[in-house]
Q: 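Quick one: the structure is below, questions incoming.
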Number of protein chains: 2
Amino acid sequence: MTKIGDVAALAKVSAATVSRVLSRDPNMRVSAATRERVMEAVRELNYVPSHAGRALRTATARAIGLVVPDVTSAVFAELAAGAAQTAVDRGLTLVLAGAEQLASDPDWVARALGEGRVDGLVVQLPDAASTHMVDDLARHAGEVILINSVDDGPIDTVTLDDRAGITAAVDHLVALGHREVGFVGGIEGSATGGRRRDAFLTRLADHRLAVPGRDAPAQWITAFGYSGPEGREAATRLLSGGPRPTAIVVANLNAALGVLAEIHQAGLRVPADISLVALHDVWYADALWPPLTTVRMPLRPLGAAAVEILLDGGRSRPTHRVIDEPPVVIVRDSTAPPSSRSGRLSAAR
Amino acid sequence: MTKIGDVAALAKVSAATVSRVLSRDPNMRVSAATRERVMEAVRELNYVPSHAGRALRTATARAIGLVVPDVTSAVFAELAAGAAQTAVDRGLTLVLAGAEQLASDPDWVARALGEGRVDGLVVQLPDAASTHMVDDLARHAGEVILINSVDDGPIDTVTLDDRAGITAAVDHLVALGHREVGFVGGIEGSATGGRRRDAFLTRLADHRLAVPGRDAPAQWITAFGYSGPEGREAATRLLSGGPRPTAIVVANLNAALGVLAEIHQAGLRVPADISLVALHDVWYADALWPPLTTVRMPLRPLGAAAVEILLDGGRSRPTHRVIDEPPVVIVRDSTAPPSSRSGRLSAAR
DNA sequence: CTGAAAGCGCTAACAT
DNA sequence: ATGTTAGCGCTTTCAG
């Protein structure tokens with residue numbers, strides 16, 4: 001590999017000058033002529049500064065890690081895009097990692113940060129994150145930001161307005177005339193799961209609709225998790241005997257796939273027999289059958305904000321930001337007014 | 001951060017000894033007592049060796065990059081898992097990256113490698129990769145391995161046996177009694193696209209089935225690409241007027257989503273009116289409606305092999321390995337014998 | 001078996 | 001505006 005000295009020799013300047021030219025720091029004054037000669041030499045030799053040398057000297061990696069529960073969830077694509085954009089703008093490398101290691105190895109965080117391969121970590125905790133994972137992270141507050149999981153505590157935090165998303169979904173269904181609505185939620189006790197469930201219940205009450213467990217069957221509201229199979233399980237439960245709702249809000253798109261499959265399995269039609277709206281929009285929402293109505297959340301801004309807050313660290317108190325860009329309902333074909341055969345619930349009483 | 005000197009001081013040895021203990025190199029002989037004292041100090045101080053220091057000294061990053069066209073494609077999950085496992089076994093960090101940058105910035109590769117953040121790159125080229133991208137990579141032969149794209153040239157290469165996969169799909173359909181089969185392929189001129197298309201045509205001939213463009217309508221074989229929307233486009237074309245096949249082989253699962261949506265849109269039923277089998281198995285294949293019959297390819301071994309070959313580099317001639325683990329057809333509900341109403345093609349002539 | 005010393009490539013203070 | 005010098009944290013001869 002060609003090094004800074006080679007460039008310096010070719011340009012007939014000192015290594016320090018090459019460094020100054022390459023740093024692009026405005027208060028590093030270098031004459032235009034020298035600068036030109038240096039750049040010429042850099043091109044000539046295809047010089048790329050050694051990351052190790054620079055990192056050792058400056059004690060920074062100019063890289064941050066993005067840790068997500070499941071890299072292959074399409075929901076994560078936009079998030080990553082937002083984070084990547086901001087990182088690139090700031091001249092940083094963004095490194096992706098799955099959360100498996102984080103979950104399995106208690107001092108993965110300490111090592112990742114301690115080694116100095118990255119300067120900070122943007123972490124989305126798995127739905128089922130244990131408290132000790134949060135504690136592990138808390139020990140590195142300042143170098144870590146949590147996205148869309150916890151929204152308080154000593155660690156910096158950015159979250160989506162989950163409540164607004166769920167509210168928009170419910171409102172959309174109500175506007176279509178639905179009054180009997182079920183909910184497929186995240187797992188019991190998870191931060192987003194709780195927020196989304198509460199928002200659902202609250203909005204039901206706002207509209208004076210039947211509340212599962214009170215005026216409606218308890219199984220209309222489920223909490224198996226956000227994965228496809230878990231969604232399927234939830235739908236099985238939700239549809240098992242008794243009156244069924246005319247519409248369902250699914251708190252996550254992956255789960256909605258499972259719900260959709262189970263509804264088909266049960267011989268029901270969407271939206272004729274039952275309407276479906278899911279939180280989070282992904283590319284294949286309209287390659288499903290029927291094309292799925294979704295609530296698009298500001299995931300890109302979420303990712304961008306996470307990187308920004310992480311980088312502008314050094315505050316005394318932790319930041320807890322909520323991305324308040326409003327969610328938008330993408331109406332496709334899985335929602336429609338309830339059929340005339342609706343009103344099962346009232347009929348059943 | 002605590003450094004090696006701190007550990008040395010606490011353990012009352014020199015930094016060199018600490019390094020020797022931590023290197024775990026068997027021919028570094030250190031007395032058991034010293035070793036124990038050092039390890040004790042390491043634990044006490046939570047010492048993690050600085051990556052930069054080590055990388056600078058040894059001129060290696062102990063990290064490799066995995067570059068894929070689309071991080072969020074579920075097809076990629078297994079591939080990444082295989083690569084990650086092998087990397088971890090060898091004590092390496094695996095860094096993920098999307099291929100956008102690779103496509104847009106001609107010397108992204110040179111920089112990534114030159115900076116020394118990674119020691120090598122496992123690259124899956126986008127379907128529509130330009131030749132100049134391959135040329136850029138060729139300049140770094142030895143530090144780069146190509147997966148499931150090109151299968152010759154100066155760069156090391158591992159590929160799936162695409163032909164076997166497609167053959168298995170066709171055979172499955174033929175075993176069910178289909179004789180009129182369509183094909184939704186990758187884009188014209190791509191390496192995998194070509195292999196899969198050729199395999200399809202060959203197998204058709206082997207079974208003496210109607211060949212699109214000769215005894216069957218030319219539009220039964222399409223080449224729009226592997227994405228969902230492109231699959232949809234292909235299905236539109238394939239189903240446009242004229243006799244239609246009783247079954248379709250889709251060369252990629254993402255595209256199959258689009259195909260499925262379009263078939264539904266056309267008011268056809270799967271598999272009653274038309275059977276569907278797709279290459280690559282993903283978690284949600286059975287959350288679709290109907291659950292999709294797929295051909296499962298050995299993606300995990302592919303990822304593992306890529307990392308191995310990259311690491312065991314230094315041969316004089318490039319390696320071109322094919323993962324020959326046989327593909328397996330996962331029969332779900334999207335394939336069935338052709339209905340009695342079949343034979344449209346012969347009837348039409 | 002262990003320690004001393006040198007140096008990997010770079011940047012930041014300090015000189016000039 | 002540019003050069004000189006020192007040293008970031010580590011591993012690796014070379015001595016002992």
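A, B, ... follow the sequence lines: proteins, then strands. Residue 1 opens every chain. What you see below is based on every heavy atom in this structure, not just the backbone, and it leaves out hydrogens, waters and symmetry mates.
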Q: Starting at atom NE2 of A:H51, determine the distance to atom P of C:dC8, rounded to an integer number of angstrom.
A: 19 Å
Q: Counting heavy atoms from C-beta on, name the nucleotide in D:dT4, C:dG9, D:dT12 closest to the side chain of A:S14.
A: D:dT4
Q: Does A:S31 place a side-chain N or O at less than 4.0 Å from the phosphate oxygens OP1/OP2 of D:dT2?
A: yes
Q: Using a 3.5 Å distance criterion without hydrogens, assess whether the side chain of A:D161 forms a donor-acceptor pair with backbone atoms of A:D324.
A: no
Q: Sub-3.5 Å donor-acceptor pair from the side chain of A:H140 to the main-chain atoms of A:G120, do we have one?
A: no
Q: For B:R20 and D:dT13, what is the distance between atoms CZ and P respectively, to the nearest whole Å?
A: 11 Å
Q: What about B:R57, does its side chain sit under 3.5 Å from the base of C:dG9 through a donor-acceptor pair?
A: no
Q: Do A:D119 and A:T60 meet the criterion of a side-chain donor-acceptor pair at a distance under 3.5 Å?
A: no
Q: Would you mind reading off the distance between A:L45 atom CG and C:dG9 atom P, rounded to a whole angstrom?
A: 15 Å
Q: Could you tell me whether A:R29 contacts a base, only the sugar-phosphate backbone, or nothing, with contacts defined as non-hydrogen atoms closer than 4.0 Å?
A: base
Q: Between D:dC8 atom C1' and B:K3 atom NZ, what is the distance in whole Å?
A: 8 Å
Q: Just how far, in rounded Å, is P of C:dC10 from CZ of A:R62?
A: 16 Å
Q: Starting at atom CG of B:L56, determine the distance to atom P of D:dT12, rounded to an integer number of angstrom.
A: 12 Å
Q: Among D:dT2, D:dT12, C:dT11, which nucleotide sits nearest the side chain of A:A15?
A: C:dT11
Q: Students often get this wrong, so: under 4.0 angstrom with heavy atoms, is B:S23 touching a base, only sugar-phosphate, or nothing?
A: nothing
Q: Can a side chain N or O of A:R54 be found less than 4.0 Å away from OP1 or OP2 on C:dG9?
A: no
Q: I want to check one thing: is the phosphate of C:dT11, taken as OP1 and OP2, less than 4.0 Å away from some side-chain N or O of A:T58?
A: no
Q: When you measure from the side-chain N and O atoms of A:S50 to the phosphate of C:dG9, is any distance below 4.0 Å, counting only OP1 and OP2?
A: no
Q: Do B:Y226 and B:T192 pair up side chain to side chain, a donor and an acceptor below 3.5 Å, judged on atom types alone?
A: yes
Q: Whether A:T17 contacts D:dA1 is assessed here as follows: a side-chain N or O lying under 4.0 Å from the phosphate OP1 or OP2. Is that the case?
A: no
Q: Contact class for A:A16 (heavy atom, under 4.0 Å): base, sugar-phosphate, or nothing?
A: base
Q: Rounded off to whole Å, could you give me the CZ-to-C1' distance for the A:R35 and D:dA1 pair?
A: 11 Å
Q: Using whole Å, what does the distance between atom P of nucleotide C:dG9 and atom CD of B:E115 come to?
A: 15 Å
Q: Is A:D312 paired with A:R90 through a side-chain N to carboxylate O contact shorter than 4.0 Å?
A: yes
